[in-house]
Visitor: 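Next up is a structure, given as structure tokens.
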Amino acid sequence: MEKDKPWALLSEEGVKQAFLEKLADIMEPHFQIITSREFLQNPLLHGPKIQAMFVWSCCPAAEHLLLNLLPLLKVVANGGAGIDHLDVPFITSRGVKVTNTPGVVSDATADIAMGLLLASARRIVEGHQIAVDAKTTYLAQNLMGVDVTGSTLGIIGMGQIGYKIAKRSRGFDMKILYHNRNRSIEDEQAVEATFCESLGDLLRRADFVMLAVNLTPNTTGLIGHRELSLMKPTATLVNISRGLLVDQDALVKALQSGMIRAAALDVTHPEPLPRDHPLLGLPNVLITPHVGMNTCATVRGIVQKMVENALAAVNGLPIPNEVKFE
């Protein structure tokens with residue numbers, strides 16, 4: 001019965017209406033969905049009904065004021081693996097569970113990582129712009145890129161996504177270096193990867209530096225002027241994790257001065273960047289709008305996992321992907 005289903009809050013700010021309609025068949029059999037707009041029309045009436053909050057693209061923001069209006073809330077179910085936008089200690093201190101969807105996004109994110117690397121190396125976007133430009137009447141052969149095959153890839157962060165990137169890069173006969181998470185000998189051998197004890201060693205040796213590490217207080221600003229200065233002048237920085245991993249002012253200077261060759265970014269801080277931000281005007285920068293997990297199959301898989309996690313929390317059952325504060 002409709003009235004027996006638990007209520008869940010979902011923001012339309014981070015989710016387009018067409019997207020909501022496509023995913024309704026996953027959510028609505030299990031939850032009575034109320035959008036943020038509907039909720040705000042009468043929060044005192046709706047707040048006590050809500051037991052689950054679905055967070056997509058950081059919306060709705062699980063802030064103190066909102067949570068105070070949800071006395072029966074049992075779970076904040078995040079779409080995606082990253083939970084740096086959630087105050088996990090505060091949320092869990094209220095007896096509310098926090099969940100995420102690790103693993104579901106790994107393949108799609110690894111795919112976009114390789115796509116950015118290839119597009120930057122071979123200047124694919126620039127080539128497209130030349131090919132479709134109405135002023136183009138002659139195709140000059142001076143759009144030179146750099147080789148991917150046989151080059152060295154340095155992966156910072158060798159979790160699920162980093163490991164899948166390593167597997168894909170083997171198809172290009174790339175030499176794999178990695179840092180920040182030691183894998184088993186079997187894992188290393190499977191992708192022919194070499195562990196670098198120091199970040200500096202990886203930066204000095206890599207032709208492409210791939211950021212695939214979670215954002216934490218320890219990794220915020222991980223790549224700054226010093227780290228960029230250690231990279232080869234022919235190297236490319238690829239970031240598919242979080243914008244705050246990189247000191248963007250230092251990155252702008254490194255790209256302008258030729259300290260590094262290029263950057264390919266699926267993430268920035270903030271998102272989107274201000275329209276006058278210098279990164280947007282540099283010819284050696286490729287930026288995509290945080291679309292690493294944006295495939296139809298991946299998105300549906302994420303929502304299915306969110307629903308699974310939320311149902312378990314609401315019913316007091318073991319939660320498949322609970323995030324615990326440590």
Visitor: Does some side-chain heavy atom of K324 sit less than 4.5 Å from a side-chain heavy atom of T92?
Guide: no
Visitor: Tell me whether the count of non-hydrogen atoms from other residues, nucleotides or ligands lying under 6.0 Å of CG in L317 goes above 12.
Guide: yes
Visitor: In a check of side chain to side chain contact (heavy atoms under 4.5 Å, CB included) between M53 and each of L10, L66, V75, N78, which one passes?
Guide: L66
Visitor: Would you say V96 and L67 make side-chain contact, with heavy atoms under 4.5 Å?
Guide: no
Visitor: Considering all heavy atoms of both residues, which atom of V267 and which atom of I240 are nearest to each other, and what is their separation?
Guide: CG2-C, 4.3 Å
Visitor: Could you check F54 against V303 for side-chain contact (heavy atoms from CB on, under 4.5 Å), going step by step and ending with a plain yes or no?
Guide: CA-CA 9 Å; F54 292 123; V303 175; over 6 Å; no
Visitor: Is L73 reachable from V98 through a run of hydrophobic residues whose side-chain heavy atoms are each under 4.5 Å from the next?
Guide: yes
Visitor: Quick check: closest heavy atoms across I155 and G162, and the distance to 0.1 Å?
Guide: CD1-O, 3.5 Å
Visitor: Could you name each residue pair satisfying salt bridge (Lys or Arg N to Asp or Glu O under 4.0 Å) that touches residues 90-100, not counting sequence neighbours?
Guide: K97-E322
Visitor: Just by distance, do the side chain of T288 and the backbone of H290 share a donor-acceptor pair under 3.5 Å?
Guide: no
Visitor: Does some side-chain heavy atom of F31 sit less than 4.5 Å from a side-chain heavy atom of K5?
Guide: no
Visitor: Can you find a pair of side-chain heavy atoms, one from I260 and one from T236, that are under 4.5 Å apart?
Guide: no
Visitor: With clusters built from Ile, Leu, Val, Met, Phe, Trp and Tyr whose side-chain heavy atoms come within less than 4.5 Å, directly or transitively, what are the remaining members of the cluster of I130, listed by chain and number?
Guide: L139, L143
Visitor: Find the distance between CZ (F195) and OH (Y178) and round it off to the nearest 0.5 Å.
Guide: 6.0 Å
Visitor: Anything under 30° is parallel, anything over 60° is perpendicular, the rest tilted; go ahead and classify F39 against H46.
Guide: tilted
Visitor: What verdict does the side-chain contact (heavy atoms from CB on, under 4.5 Å) test give for F172 and L153, after you've listed the backbone C-alpha separation in whole Å, the side-chain angles of each residue and the deciding distance to 0.1 Å?
Guide: CA-CA 10 Å; F172 292 90; L153 173 63; over 6 Å; no
Visitor: Go through the structure and list residues passing salt bridge (charged side-chain N to carboxylate O under 4.0 Å, His left out) with R168, not counting sequence neighbours.
Guide: D107, D111
Visitor: If you group Ile, Leu, Val, Met, Phe, Trp and Tyr by side-chain heavy-atom gaps below 4.5 Å, do I165 and V238 land in one group?
Guide: yes
Visitor: Quick one: CD on E38 to CG on L45, what's the gap to the nearest 0.5 Å?
Guide: 11.5 Å
Visitor: Keeping the roles fixed (side chain from R122, backbone from S120), state whether a donor-acceptor pair exists under 3.5 Å.
Guide: no
Visitor: Test of understanding: with salt bridge (charged side-chain N to carboxylate O under 4.0 Å, His left out), list the residues that count as partners of E308, not counting sequence neighbours.
Guide: K305
Visitor: Is the side chain of N100 donor-acceptor paired with the backbone N or O of V323 at a distance under 3.5 Å, no angle test?
Guide: no
Visitor: I'd like to check F90 versus S93 (side-chain heavy atoms, cut-off strictly below 4.5 Å). Are they in contact?
Guide: yes
Visitor: Is the shortest heavy-atom distance from the side chain of L279 to the side chain of L255 under 4.5 Å?
Guide: yes
Visitor: Sorted by first residue and then second, give each side-chain hydrogen bond (donor to acceptor under 3.5 Å, both in side chains) pair with at least one member in residues 126-151; sequence neighbours left out.
Guide: R123-E126
Visitor: What residues, two or more places apart in sequence or in another chain, satisfy salt bridge (charged side-chain N to carboxylate O under 4.0 Å, His left out) together with D187?
Guide: R183
Visitor: Flag yes if L244 and I83 sit in one hydrophobic cluster, no otherwise; membership is Ile, Leu, Val, Met, Phe, Trp, Tyr, and two members link when side-chain heavy atoms are under 4.5 Å apart.
Guide: no
Visitor: Taking it one step at a time, do I156 and E227 satisfy side-chain contact (heavy atoms from CB on, under 4.5 Å)?
Guide: CA-CA 12 Å; I156 303 175; E227 289 73 27; over 6 Å; no
Visitor: Per the salt bridge (Lys or Arg N to Asp or Glu O under 4.0 Å) rule, what does the pair list look like for residues 79-90, sequence neighbours excluded?
Guide: D84-R242
Visitor: With a 3.5 Å distance limit and no angle check, can you tell me whether H179 reaches the backbone of C196 through a side-chain donor-acceptor pair?
Guide: yes
Visitor: Do any N or O atoms from the side chain of N284 and from the backbone of R261 form a donor-acceptor pair under 3.5 angstrom?
Guide: yes
Visitor: Backbone N or O of V191 within a donor-acceptor pair of the K167 side chain at under 3.5 Å?
Guide: no
Visitor: Please name the pair of heavy atoms, one in L265 and one in L116, separated by the smallest distance, quoted to 0.1 Å.
Guide: C-CD1, 4.2 Å
Visitor: Side chains of L199 and N180, heavy atoms from C-beta outward: is any pair under 4.5 Å?
Guide: no
Visitor: Taking side chain as C-beta onward, heavy atoms only, is H277 less than 4.5 Å from V252?
Guide: yes
Visitor: Considering only residues two or more places apart or on different chains, which pairs with a residue in residues 190-207 satisfy salt bridge (Lys or Arg N to Asp or Glu O under 4.0 Å)?
Guide: R170-E192, D201-R205, D207-K232
Visitor: Sorted by first residue and then second, give each salt bridge (Lys or Arg N to Asp or Glu O under 4.0 Å) pair with at least one member in residues 247-260; sequence neighbours left out.
Guide: none
Visitor: How close do P102 and A81 get, heavy atom to heavy atom, and via which atoms?
Guide: CA-CB, 4.1 Å
Visitor: Give me the atom names and distance for the closest heavy-atom approach of G200 to L230.
Guide: CA-CD1, 3.9 Å
Visitor: For the pair I34 and K49, evaluate side-chain contact (heavy atoms from CB on, under 4.5 Å) and give the outcome as yes or no after the intermediate values.
Guide: CA-CA 10 Å; I34 181 170; K49 304 174 185 177; over 6 Å; no
Visitor: Are I302 and I161 joined in one hydrophobic group, where the rule is that I, L, V, M, F, W and Y side chains link up if heavy atoms are under 4.5 Å apart?
Guide: yes
Visitor: Looking only at non-hydrogen atoms, find the nearest pair between G243 and Q248 and report the distance.
Guide: O-OE1, 4.4 Å
Visitor: Under the side-chain contact (heavy atoms from CB on, under 4.5 Å) test, which residues partner I185, sequence neighbours left out?
Guide: Q189
Visitor: If we ignore hydrogens and angles and just use 3.5 Å, is the side chain of T101 paired with the main-chain N or O of G80 as donor and acceptor?
Guide: yes
Visitor: With rounding to the nearest 0.5 angstrom, report the OG1 to CD1 distance, T109 to I112.
Guide: 8.5 Å
Visitor: Report all side-chain donor-acceptor pairs from residues 210-221 shorter than 3.5 Å, counting only partners two or more places apart or in another chain.
Guide:
from : atom 1 : to   : atom 2 : distance (Å)
T216 : OG1    : N218 : N      : 3.2
T216 : OG1    : T219 : N      : 3.2
T216 : OG1    : T219 : OG1    : 3.3
T219 : OG1    : N214 : O      : 2.8
T219 : OG1    : T216 : N      : 2.8
T219 : OG1    : T216 : O      : 3.3
T220 : OG1    : T216 : O      : 2.9

Visitor: Hey, does the side chain of D173 reach the backbone of G150 with a donor-acceptor pair shorter than 3.5 angstrom?
Guide: no
Visitor: For E271, enumerate each residue passing the salt bridge (charged side-chain N to carboxylate O under 4.0 Å, His left out) test, keeping only those at least two apart in sequence or located in another chain.
Guide: none
Visitor: In terms of hydrophobic clustering (I, L, V, M, F, W, Y; side-chain heavy atoms under 4.5 Å; direct or indirect links), are V285 and L117 co-clustered?
Guide: no
Visitor: Donor-acceptor pair, distance only, cut-off 3.5 Å: does the side chain of N309 make one with the backbone of T99?
Guide: no
